[in-house]
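Each remark here refers to the structure printed beneath this line.
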Amino acid sequence: MNTFIYSFQSEWIKKKGSAAAWLTLIGGCFVPAIILFIRMYEWEGLSVANQNPHIWEMLYNRNWEFMGIFLLPLGVILVTSLVTQLEFRNNTWKQLYTTPQSLTTIFLAKLAVILILLAEFFLIFNIGIVLTGVLPALFFKGVPLPAEPFPLTSYMKGNAKFFLDCLPIVALQYLVSLRYRNFLVPLGIGLGLYVASMIAVHWKYGYLFPYTYCAYNFMPRAGELKNKDSIHLLALGYTIALLGVSYILYISKKEKG
Amino acid sequence: MSHYCLETQAISHHYSSKAMVLDRLDLKVPTGSIFGFLGPNGAGKTTTLRLVLGLLKKQQGNIVFFGRPFEPNRVDILKRVGSLIESPSIYGHLSAVDNLRLLQRVYHCPEERIALVLELTGLADTGRKKAGQFSLGMKQRLGMAIALLNEPELLILDEPTNGLDPAGIIELRDLLKTLNRERGVTILVSSHLLAEMQRLVTHTAIIHKGKLLYQGTLAELKRSQQTTDLETIFINLTKS
């Protein structure tokens, strides 16, 4: 366990000032910043809006609508590819493999960094949503703070679903980006699958495409799937299977670094 | 304690083209030596070093470090080895200190080692400058600092003088000699610079087209070839 912690700490230092770290920060702020700007621009209606008993639900849906369908899958594709790309770009795989840690530890530590970055992204995004509700009241006289108490539990549940639903994308991108030196390959595969999934999202078997799961959170049905909530289980299944394949391919590589 | 820090026992290797890159290579690096691994381009030096460090999957033969087979003892063995293979592996967006800090976590060695190896390699004044902005020579020095971070018993260096100016080459030679003499570090070094190797190594192996042509002390090699010039010996051996 200690070896894993040291390995994780080492991987965490690598992301300092990296494109993946900046993308997490900027990506998390992006949608809330736009919505905050729009709300403040149209501040005359805010007094009524903030007194709405469902204000937090409205803000949640407004923010997640853009994030869940579009930015989250793209962000996950980019961040996952960028984390592994650090080693290819700097020609550091060979150094990493000559350090005293097992290949399994390296695989899990890198994956852990991606997942923590994803959690950080969710945290920043949710803080952003809260600020879209609170900040206008601090800047404009006559605009009250949101009347509805903050629904922490429902926010947590909603976030957990999105987190779970984007894990198959993490797993597949991790698999691809560990194999290809050229950054454009995992990026192209990720974007290609994302576009294909968005086309397939209305198809009756669209739920078979793991990149559709975030979008299904905003749709009444998930293709012909009887229970829409089954997509979360499917997401989990895909994640485990893809990570398993990724691990096997990773440790059986003939040339390392 | 084994007499040899590193032994390869009949290792052979071929890439997908099927052409044999290494042919039953038996390398024996004596403990406490500075071992020059010499050969022309494409002789199989880097392939050998990559194989012994586990960067290439072994196809045939055995690799033994400190008297123990490499594969089942990989992690324990790598704790005792430092390496610099081909170009230095450096994270360009991080400072020299951060590059070392992230490895210090993995090796779990004292934090003071970072300042010490920076001082040893003449990089103590680089501050927060990103390693990507370093000159080639500075990057090579940082690669050396990384290799020395865990106080290795065995240093494996592939062309460590690449990118260094003449003063840097002399400094590196002095550093390696000091490490060998005062701290007992065994050094396996491959290089094309025969004149430089002649000044540095105690033992040598000459490899050509994947086959070992000579292995032993430098003094014995000179005696057997009846000349003191390593370049002449090298050309004679590889031509014949």
Side-chain angles (χ1 to χ4, degrees), chain A residues 1-25 79 82-110 112-113 117 181 183 248-257, chain B residues 13-16 46-47 49-59 70 73-95 97-109 128 130-132 139 142-143 146-147 149-150 152 154-156 158:
Chain A
M1 190 60 191
N2 276 352
T3 312
F4 173 77
I5 292 168
Y6 296 136
S7 183
F8 175 78
Q9 288 174 340
S10 169
E11 292 295 332
W12 194 250
I13 293 171
K14 289 178 197 173
K15 65 101 208 166
K16 185 177 160 185
S18 68
W22 282 110
L23 191 69
T24 304
L25 182 67
V79 168
L82 283 169
V83 166
T84 53
Q85 191 60 28
L86 266 181
E87 308 293 352
F88 285 117
R89 200 180 59 233
N90 293 301
N91 199 15
T92 41
W93 277 120
K94 64 179 192 289
Q95 191 70 48
L96 189 57
Y97 288 129
T98 53
T99 53
Q101 42 186 345
S102 71
L103 299 183
T104 306
T105 306
I106 295 171
F107 180 87
L108 292 177
K110 277 204 178 299
V113 166
L117 279 173
R181 168 175 286 275
F183 179 62
I248 291 165
L249 290 174
Y250 172 77
I251 57 165
S252 56
K253 254 177 134 177
K254 281 184 183 167
E255 194 166 345
K256 296 180 169 70
Chain B
H13 193 83
H14 60 80
Y15 290 107
S16 51
T46 299
T47 302
L49 298 185
R50 288 172 68 85
L51 265 171
V52 299
L53 286 166
L55 296 173
L56 282 176
K57 196 168 181 159
K58 191 187 73 184
Q59 294 168 347
F70 178 66
N73 302 291
R74 181 180 163 273
V75 171
D76 284 341
I77 285 168
L78 290 176
K79 281 180 188 165
R80 302 164 67 184
V81 175
S83 64
L84 170 57
I85 301 295
E86 295 171 307
S87 55
S89 296
I90 287 162
Y91 298 93
H93 65 291
L94 297 177
S95 66
V97 171
D98 282 338
N99 266 285
L100 290 162
R101 185 168 288 137
L102 68 90
L103 288 165
Q104 178 262 330
R105 294 284 196 277
V106 174
Y107 284 108
H108 200 45
C109 55
R128 295 173 69 181
K130 290 179 179 175
K139 285 180 182 169
L142 183 52
I146 288 170
L149 184 68
N150 59 326
L154 170 64
L155 253 183
I156 299 178
D158 187 15

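Within every chain, numbering begins at 1; the chains are lettered A, B, ... in the order of the sequence lines, protein sequences first and strands thereafter. Worth saying up front: this structure is predicted, and the values here are computed from it rather than measured.
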Give, as side chain, backbone, both or neither, the part of B:Arg50 having an atom under 4.5 angstrom from any heavy atom of chain A. side chain

Nearest heavy-atom contact between A:Ser10 and B:Leu102 is OG-O, 2.8 Å

Any chance you could lay out the side-chain contact (heavy atoms from CB on, under 4.5 Å) test for A:Phe8 and B:Arg105, step after step, and finish with the verdict? CA-CA 9 Å; A:Phe8 175 78; B:Arg105 294 284 196 277; over 6 Å; no

Do you know which two heavy atoms are closest between B:Ser87 and A:Asn91, and how far apart they sit? OG-ND2, 3.1 Å

On a heavy-atom basis, which atom in A:Ser102 and which in B:Arg74 lie closest, and how many Å separate them? CA-NH1, 3.8 Å

List the steps and the verdict of side-chain contact (heavy atoms from CB on, under 4.5 Å) for A:Thr98 and B:Leu55. CA-CA 8 Å; A:Thr98 53; B:Leu55 296 173; 4.2 Å; yes

Check: B:Leu103 and A:Thr99 side chains under 4.5 Å, non-hydrogen atoms: yes

What part of B:Arg101 lies closer than 4.5 angstrom to a heavy atom of chain A: side chain, backbone, both or neither? both

By salt bridge (Lys or Arg N to Asp or Glu O under 4.0 Å), B:Lys58 pairs with (sequence neighbours left out) B:Glu71

When heavy-atom pairs shorter than 4.5 Å are enumerated against chain A, which of B:Ser83, B:Gly143, B:Ser89, B:Pro88 gives the highest number? B:Ser89

For B:Leu84, which atoms come within 4.5 Å of any heavy atom of chain A: side chain, backbone, both, or neither? neither

Greatest number of heavy atom pairs closer than 4.5 Å to chain B - which of A:Gln95, A:Lys94, A:Gln9, A:Glu87: A:Lys94

Taking atom CG of A:Leu86 and atom OH of B:Tyr91, what is their separation to the nearest 0.5 Å? 7.5 Å

Rounded to the nearest 0.5 Å, the CG atom of B:Asn99 sits from the NZ atom of A:Lys14 at a distance of 10.0 Å

Those residues that, when tested against B:His93, pass ring-ring contact (aromatic ring centres under 6.0 Å, His included) (two or more places apart): none

Using every non-hydrogen atom in the two residues, find where B:Gly92 and A:Asn90 come nearest and quote the distance to one decimal. N-OD1, 3.1 Å

Which atom of B:Leu94 lies closest to which atom of A:Ile13, heavy atoms considered: CD2-O, 3.8 Å

Heavy-atom neighbours of B:Lys57 NZ exceed 12 at 6.0 Å: no

Interface moiety of B:Ile90 toward chain A, non-hydrogen atoms closer than 4.5 Å: backbone

Heavy-atom pair of closest approach, residues A:Lys16 and B:Asp98: NZ-OD2, 2.7 Å

